[in-house]
Amino acid sequence: MRLADKVAIITGSGSGIGRATAELFAEEGAKVVVADINLEGANQTVQSIRTAGGEAISVEADVSKEGDSCNVADLTCSEYGKIDILVNNAAAFVFGRVEDATSEDWDRILSVNVKGPAFCVKAVIPAMKQEGSGAIVNIGSISSIIAQPDYVPYNTSKSAVLNFTRCLAMDLAPLNIRVNTVCPGVTHTPALEKFMEEEGMTLEEVSSRLNQPCLLKRLGKPREIAHGILFLASDDASFVTGTSLLVDGGYTAQ
Ligand SMILES: NC(=O)c1ccc[n+]([C@@H]2O[C@H](COP(=O)([O-])OP(=O)(O)OC[C@H]3O[C@@H](n4cnc5c(N)ncnc54)[C@H](O)[C@@H]3O)[C@@H](O)[C@H]2O)c1
């Protein structure tokens, strides 16, 4: 088991990629703190982990609120005694052209996707420092790297994640805390289902049109992204920091 005796906080793990990651981490022996703004979703993830024989607790938290991030770190330490891993997975999805984005849109996307991870990292540093080690995985996207039509707010926030990761890797290396990013390609999650509904697109249209550059010609599965996150969070990646791993079926290869 690659995460035996490890304690992991995963934000946004009440759904999609976060849930798949929480389930995989628990299978690999981690005690998982399932933090989500949607407590019902978080409870479902915990239920699924416990049914499979794993260990997890849920906590309601809005990562854009610094106090909530502190509560998650405090709860983790009081329940499990330490924090080894943080996965910054929670995200808001605000798309559109720059002419359409309101001040509220910008506040929302930057608060959840950029300030949120920063608050969570700040909250876990004392416990990781005390432990003498730590691994942080931030979730970016192919949208961190490429331009996509009518995606300005989301892609701006996701590109910030890459340099956030590099700067943190530099500052936290003396504390033996590694920081990396996983950049998923188009993945079949509830967020994608919602996008399809809003855009009036079918699954076939998403696969063939939106996901056209994907070399493997299919959507990713949350579990496939979770395996990339597991690698960077585990000691298998003990000499890896400040980098990003694309798990995108070759979308960005050409
Ligand atoms: N699905 C894709 O195609 C895709 C592609 C690239 C990157 N990503 C990234 O993967 C991550 C997970 O996406 P997903 O598709 O699984 O989404 P999802 O909507 O299925 O899950 C996101 C979870 O985050 C939670 N959340 C939202 N705002 C929050 C907040 N302020 N505080 C705490 N929790 C909050 C939601 O309640 C939800 O449970 C995101 O960072 C997303 O940007 C997804």
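Counting convention: from 1, in listed order, for ligands and their atoms alike.
Connection of Ile10 to Leu3 is established within a shared hydrophobic cluster, with ILVMFWY side chains joined at heavy-atom distances below 4.5 Å, either directly or through further cluster members. Tyr80 is connected to Ile9 through a chain of hydrophobic side-chain contacts under 4.5 Å among Ile, Leu, Val, Met, Phe, Trp and Tyr, so both are in one cluster. Both Val94 and Trp106 belong to a common hydrophobic cluster when Ile, Leu, Val, Met, Phe, Trp and Tyr are linked at side-chain heavy-atom distances under 4.5 angstrom.
Applying the 4.0 Å criterion to heavy atoms of Ile17 picks out, from ligand 1, the atoms 10 (O), 16 (O), 44 (C). Heavy-atom proximity to Phe93, at under 4.0 Å, picks out these atoms of ligand 1: 13 (O), 17 (O), 19 (O), 42 (C), 43 (O). Atom numbering of ligand 1 starts at 1 in the shown order; those under 4.0 Å from a heavy atom of Gly12 are 23 (C), 24 (O), 25 (C), 39 (O). The atoms of ligand 1 that sit less than 4.0 Å from any heavy atom of Gly140 are 7 (C), 9 (C). Counting the atoms of ligand 1 from 1 in the order shown, those under 4.0 Å from a heavy atom of Val112 are 31 (N). Close contacts of ligand 1 with Val186, meaning ligand atoms under 4.0 Å from a residue heavy atom, involve 3 (O). Listed by atom number, the atoms of ligand 1 under 4.0 Å from Asn38 heavy atoms are 37 (O). Which parts of ligand 1 touch Ile139 is read off a 4.0 Å heavy-atom cut-off, strictly below it: atoms 9 (C), 10 (O), 11 (C), 41 (O).
Counting protein heavy atoms only, atom 39 (O) of ligand 1 is closest to Asp36 OD2, 2.6 Å. Counting protein heavy atoms only, atom 27 (C) of ligand 1 is closest to Ala91 O, 3.4 Å. The nearest heavy-atom contact from the protein to atom 4 (C) of ligand 1 is Gly185 O, 4.0 Å. Counting protein heavy atoms only, atom 20 (O) of ligand 1 is closest to Ser15 OG, 2.7 Å. Of the protein's heavy atoms, Ala61 O, 3.1 Å lies nearest to atom 33 (C) of ligand 1. For atom 17 (O) of ligand 1, the closest non-hydrogen atom on the protein side is Ala191 CB, 3.3 Å. Nearest to atom 11 (C) of ligand 1 among the protein's heavy atoms is Asn89 OD1, 3.1 Å. Protein heavy atom nearest atom 8 (N) of ligand 1, with residue, atom name and distance: Tyr154 OH, 3.8 Å.
Residue-to-ligand polar distances keep Ser64 apart from ligand 1: every N/O pair is separated by 3.5 Å or more. Geometrically, ligand 1 and Thr187 share a nitrogen or oxygen pair separated by less than 3.5 Å. Some N or O of Ile37 is nearer than 3.5 Å to an N or O of ligand 1, by distance alone. On a distance-only criterion, Ser141 and ligand 1 share no N/O pair closer than 3.5 Å.
No part of Phe195 comes within 4.0 Å of ligand 1, judged by heavy-atom distances. Of all the heavy atoms of Val63, the ones lying under 4.0 Å from any atom of ligand 1 are found in both the backbone and the side chain. Using a 4.0 Å cut-off between heavy atoms, Lys158 contacts ligand 1 through its side chain alone, with no backbone atom that close. At a heavy-atom cutoff of 4.0 Å, ligand 1 is contacted by no atom of Ser143, backbone or side chain.
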Between Thr165 and Thr243, is a side chain to side chain contact (heavy atoms under 4.5 Å, CB included) present by the stated rule, with each step listed?
-> CA-CA 8 Å; Thr165 292; Thr243 194; over 6 Å; no
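Of the possible polar contacts, none joining the Asn138 side chain to the Asn88 backbone as a donor-acceptor pair under 3.5 Å is found. Checking side-chain atoms of Thr11 against main-chain N and O of Ala90 turns up a donor-acceptor pair under 3.5 Å. Not one N or O on the side chain of Ser13 forms a donor-acceptor pair closer than 3.5 Å with the backbone of Arg19. Asp248 contributes a side-chain N or O that, together with a main-chain N or O of Thr252, makes up a donor-acceptor pair within less than 3.5 Å. In this structure, the side chain of Asn113 engages the main chain of Ala92 through a donor-acceptor pair within 3.5 Å. With hydrogens and angles disregarded, no donor-acceptor distance shorter than 3.5 Å links the side chain of Lys115 to the backbone of Val112. Remark: the backbone N or O of Met1 is not paired with any side-chain donor or acceptor of Glu28 at under 3.5 angstrom. With hydrogens and angles ignored, the 3.5 Å screen pairs a side-chain donor or acceptor of Ser157 with a backbone N or O of Tyr154.
For Phe93 and Phe195, the gap between ring centers reaches or exceeds 6.0 Å.
Side-chain contact between Val137 and Arg178 is absent, with no heavy atoms from C-beta onward closer than 4.5 Å. Proximity of Phe95 to Val152: side-chain heavy atoms (C-beta onward) are nowhere separated by under 4.5 Å.
Residue Leu192 places every heavy atom at 4.0 Å or more from ligand 1. Not a single heavy atom of Pro222 lies less than 4.0 angstrom from ligand 1. In this structure, Ala92 falls outside the shell of residues with a heavy atom less than 4.0 angstrom from ligand 1. Note on ligand 1: Thr11 sits outside its first shell, no heavy atom being nearer than 4.0 Å. The shortest separation from a heavy atom of Gly116 to ligand 1 is not under 4.0 Å, leaving the residue out of contact.
In this comparison of Thr189, Asp68, Leu219, Asp62, the heavy atom closest to atom 31 (N) of ligand 1 sits on Asp62.
Taken from CD1 in Ile229 to CD1 in Ile17, the straight-line distance is 6.5 Å, to the nearest 0.5 Å.
With salt bridges taken as basic N to acidic carboxylate O contacts below 4.0 Å, one links Glu198 and Lys194.
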